[in-house]
Amino acid sequence: MRFIIIVLCGILIFSSCRNKSKQKNDTVSDNMFMAEVSRVYGFKCAICHGKEGVSVIKTAPNLTESQMTLEERIAIIKYGKTSMPPQKDVLDAKTIKGLALYIERFK
Ligand code: HEC
């Protein structure tokens, strides 16, 4: 009986360690993903919206002042509007969502 309890404890400790290391990997790859998104923003969006979200062309709104929800931002990045170019055939859905999240930090 004692042996079974010891084995069970061992399994518990082992699996909780495994979960921790998985979480760590997720944050590392999240950081890498956001670094990639930041790079994409730099060459795809900054020409109009500026590096820090302060617009450099007249017609592009300052992203620092955007009142849009996450869904609205995803939609405008996907489908574009007037001179804002659509990205749905250029970027994958994950990167588009990443961009919509990334521009939050300009506020
Ligand atoms: C050619 C210039 C140009 C580029 C490049 C560009 N945008 Fe825009 N963007 C605009 C213009 C112009 C608007 C305003 C569209 C309208 O409302 O008619 C806009 C609007 C937006 C809005 C809505 C802001 C608001 O609150 O009204 C978001 C979000 C946005 N752009 C994000 C991006 C992202 C992310 C990228 C890079 C993938 C990007 N834009 C690339 C010109 C551009």
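Small disclaimer: the values here were computed from a predicted structure and weren't measured. We count ligands from 1, going down the list as the structure has it; atoms in each ligand are counted the same way.
Checked against side chain to side chain donor-acceptor pair (under 3.5 Å), E36 has the following partners two or more places apart in sequence or in another chain: R39. Under the rule for a side chain to side chain donor-acceptor pair (under 3.5 Å), the partners of T69 that lie at least two apart in sequence or sit in another chain are E72. By the side chain to side chain donor-acceptor pair (under 3.5 Å) test, T95 is found to be paired with D92, residues two or more places apart in sequence or in another chain being considered.
Protein neighbours of ligand 1 below 4.0 Å, counting non-hydrogen atoms: K44, C45, I47, C48, H49, T59, A60, P61, L63, S66, M68, R73, I76, I77, K81, T82, S83, M84, P85, Q87, L99, I103.
Counting non-hydrogen atoms of other residues, nucleotides and ligands closer than 6.0 Å to NZ of K51 gives a total of 12 or fewer.
When every heavy atom of I74 is checked against every heavy atom of A100, the shortest pair comes out as CG1-CB, 3.6 Å.
With contacts defined as side-chain heavy-atom distances shorter than 4.5 Å, the pair E104/S66 does not qualify.
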